[in-house]
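Along the sequence shown, residues are numbered consecutively beginning with 1.
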Amino acid sequence: MPERLTEMLMDTWTPLIILWITVLPSIFMAPMNQSQVLPSGSSTGLKRLTEEQRVLNRSKRGWVWNQMFVLEEFSGPEPILVGRLHTDLDPGSSKIKYILSGDGAGTIFVINDKTGDIHAMKRLDREEKAEYTLTAQAVDRDTNKPLEPPSEFIIKVQDINDNAPEFVDGPYHATVPEMSVVGTFVTKVTATDADDPVYGNSAKLVYSILEGQPYFSIEPHTAIIKTALPNMDREAKEEYFVVIQAKDMGGHMGGLSGTTTVTITLTDVNDNPPKFAQSMYHFSVMEDVALGEPIGRVKANDLDIGENAKSSYDIIEGDGMDIFEITTDAQTQDGIIRVRKPLDFETKKSYTLKVEAANIHIDPRFISGGPFKDTATVKIVVEDADEPPVFSSPTYLLEVHENAAINSVIGQVTAHDPDVSSSPIRFSIDRHTDLERQFNINAEDGKITLATPLDRETNMWHNITIVATETRNHSQVSRVPVAIKVLDVNDNAPEFASEHEAFLCENGKPGQVIQIVSAVDKDDPKNGHYFLYSLLPEMVNNPNFTIKKNEDNTLSILAKHSGFSRQKQEVYLLPIIISDSGNPPMSSTSTLTIRVCGCSSDGIVQSCNVEAYVLPIGLSMGALIAILACIILLLVIVVLFVTLRRHKNEPLIIKDDEDVRENIIRYDDEGGGEEDTEAFDIATLQNPDGINGFLPRKDIKPDLQFMPR
């Protein structure tokens with residue numbers, strides 16, 4: 001405490017002592033400054049110059065100048081004397097008047113026009129203005145005529161230590177990697193002092209640390225901050241608050257000081273390995289969990305941050321390495337365990353895995369600190385779930401011959417309940433896949449039977465779906481596709497590929513190929529088709545045509561002779577028997593129509609009818625048709641004429657004697673006998689339309705008639 005009090009007193013009184021020491025010489029030396037304005041050659045400024053000496057001596061310049069100085073910030077009860085002006089032309093008779101002009105003349109600086117004394121009237125600040133340029137002149141007091149030319153001189157403001165250092169850019173923030181070695185550069189600070197750096201030590205700064213030791217140090221003159229302790233750990237302390245002082249006067253006592261703060265943050269390096277929160281993890285999962293579904297998470301904590309804390313997870317050991325997989329959550333850095341393959345409680349009820357977490361980015365500077373990885377054990381228990389039936393095969397392929405009998409067994413599917421309870425299974429056919437109900441299945445044993453006849457030529461494949469359902473839980477259902485292939489049997493006879501009609505030229509030659517025919521068979525034998533061709537037994541000795549089997553399974557029809565004539569026979573029919581090579585063989589008879597035609601010398605067919613032999617020469621078919629049409633027209637005209645004559649012979653007025661209409665009217669009045677003719681008109685009964693003499697006619701269109709009321 002006494003030492004601190006002494007230091008405070010010294011800081012308070014030291015500026016006053018320095019000011020006193022600085023100002024006193026200026027005050028006491030003020031008369032000495034008068035020698036600077038004495039005429040040259042004078043031994044003393046107090047000695048008066050005689051008239052003889054002024055006449056004998058060579059005339060010289062009257063002004064002798066040096067710079068004048070005045071202390072800044074000096075204030076006293078009276079103005080401070082800066083200096084005195086004097087010319088050797090002044091005889092001391094008060095006839096000379098001194099005039100001062102320039103910077104601050106009359107306001108800051110005032111001159112005694114008789115004595116030439118210059119006083120500072122105000123307190124000066126060097127930091128505001130360091131020097132003043134003024135002009136001095138001596139004039140005759142009576143006439144104001146200049147005795148000498150004006151001359152300039154400078155008054156410099158002498159600096160005192162009145163400004164403390166300042167950190168313009170403060171406060172500062174800096175970073176340095178953790179675990180850095182001693183002397184690692186952190187940052188550099190800079191302070192400024194407004195005092196004169198040339199005069200004295202007022203602006204000579206020295207830097208020091210007030211707070212922040214022993215972690216950091218600072219170079220006294222360069223202000224470079226460095227680390228002072230090795231292996232500073234960010235995980236232990238991340239941020240440091242350092243106070244820096246800058247002191248002028250070279251750091252000596254009495255100097256002024258300024259401070260700033262530097263916040264230093266340790267940046268992270270990968271110096272910590274990942275560490276699992278626990279050595280053993282337990283998870284349970286249902287056996288029917290979907291593939292890829294997460295079943296649990298593990299976490300390896302890393303004290304580092306950012307990229308240095310990122311880890312990757314792997315399964316390195318265990319009996320479920322191929323069943324499970326682990327991935328890294330990029331957001332939380334958790335290890336997510338997922339199901340990779342289906343689980344089966346009945347096959348395996350638990351798994352044990354060894355999981356490893358390792359840093360992705362490893363700093364080689366700290367690799368000697370140990371492996372940057374950690375391991376943990378994961379135990380997974382599989383829980384039983386009610387599973388649907390399981391078929392013995394994922395798909396079934398059955399084969400059946402197309403001539404299979406109804407209710408014959410085609411094949412069988414099997415399924416079982418994988419659960420421990422082992423529920424019985426019932427089988428059925430999804431009728432959406434068997435709309436025609438061609439198949440049935442035994443619900444107990446899964447045997448598939450034929451319900452309707454099959455025809456391979458109509459449908460070679462049948463795809464149905466078999467459904468297996470647990471009897472104890474009908475919601476547990478499985479499906480399996482069954483493909484049924486219909487095998488071929490030889491049940492179709494071969495036949496001509498198309499309806500053939502052969503043309504034979506009248507001028508053809510014996511052995512000439514008339515037509516080449518081919519056959520088709522709807523069946524599909526394994527070794528391909530092979531057809532046999534023959535003529536009917538009664539046509540074997542056919543005098544006109546013969547057949548020849550070709551190597552490409554076709555048949556050639558050949559003419560046995562020439563001289564065919566359309567006039568003799570225009571069309572020939574040739575029955576041909578086609579047989580296949582199946583077991584049993586199937587055959588059919590197809591008839592080939594051979595038409596005799598007239599051909600050119602090149603064998604090109606021109607005409608295949610017999611009109612040239614039955615029509616007169618020069619009468620074509622078109623002419624014959626025209627004649628026939630004329631005959632028919634004449635017959636129609638005759639029929640119409642006869643019909644009209646018959647209509648003319650009929651009477652025009654309808655009068656049929658037999659058309660007698662009689663009405664029997666019963667009444668009780670007594671009649672007058674034959675002589676009573678007023679009762680009714682018999683003519684009206686005979687012909688009601690003939691009333692008033694009107695009789696209908698058939699030869700004219702009747703007018704519209706209105707029946708009388």
(message) Just to verify, what does Lys310 make a side chain to side chain donor-acceptor pair (under 3.5 Å) with, not counting sequence neighbours?
(response)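 Here the qualifying residues are Glu307.
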
(request) For Asn308, check side chain to side chain donor-acceptor pair (under 3.5 Å) against everything at least two apart and list the hits. (result)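 Counting only residues at least two positions away or on another chain, Asn308 forms a side chain to side chain donor-acceptor pair (under 3.5 Å) with Asp268.
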
Can you name the residues that form a salt bridge (Lys or Arg N to Asp or Glu O under 4.0 Å) with [X], not counting sequence neighbours?
X	answer
Lys237	none
Lys188	none
Glu383	none

(request) Could you note down all residue pairs passing ring-ring contact (aromatic ring centres under 6.0 Å, His included) where residues 105-125 supplies at least one of them, sequence neighbours left out? (result)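 Found Phe109-Tyr132.
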
(request) Give every residue pair that meets the ring-ring contact (aromatic ring centres under 6.0 Å, His included) criterion with at least one member in residues 162-192, sequence neighbours excluded. (result) none

List, one per line, each side-chain donor-acceptor pair under 3.5 Å for residues 277-295, sequence neighbours excluded.
residue, atom, partner, partner atom, Å
Gln278, NE2, Met280, O, 2.7
Tyr281, OH, Lys299, O, 3.4
Glu287, OE1, Phe345, N, 2.7
Glu287, OE2, Ala385, N, 2.8

Sorted by first residue and then second, give each side chain to side chain donor-acceptor pair (under 3.5 Å) pair with at least one member in [range]; sequence neighbours left out.
range	value
residues 218-231	none
residues 338-352	Asp319-Lys348, Asp344-Thr347
residues 320-332	Arg297-Asp329, Asp329-Thr332, Thr332-Asp334

(request) Ignoring hydrogens and angles, tell me if any N or O in the side chain of Asp314 forms a donor-acceptor pair with the backbone of Glu356 under 3.5 Å. (result) no

(message) Has Asn359 got a side-chain atom pairing as donor or acceptor with His361's backbone, closer than 3.5 angstrom?
(response) no

(request) Using side-chain contact (heavy atoms from CB on, under 4.5 Å) as the criterion, list what pairs up with Pro388, not counting sequence neighbours. (result)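 Only Gln476, Ser478 meet the side-chain contact (heavy atoms from CB on, under 4.5 Å) criterion with Pro388.
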
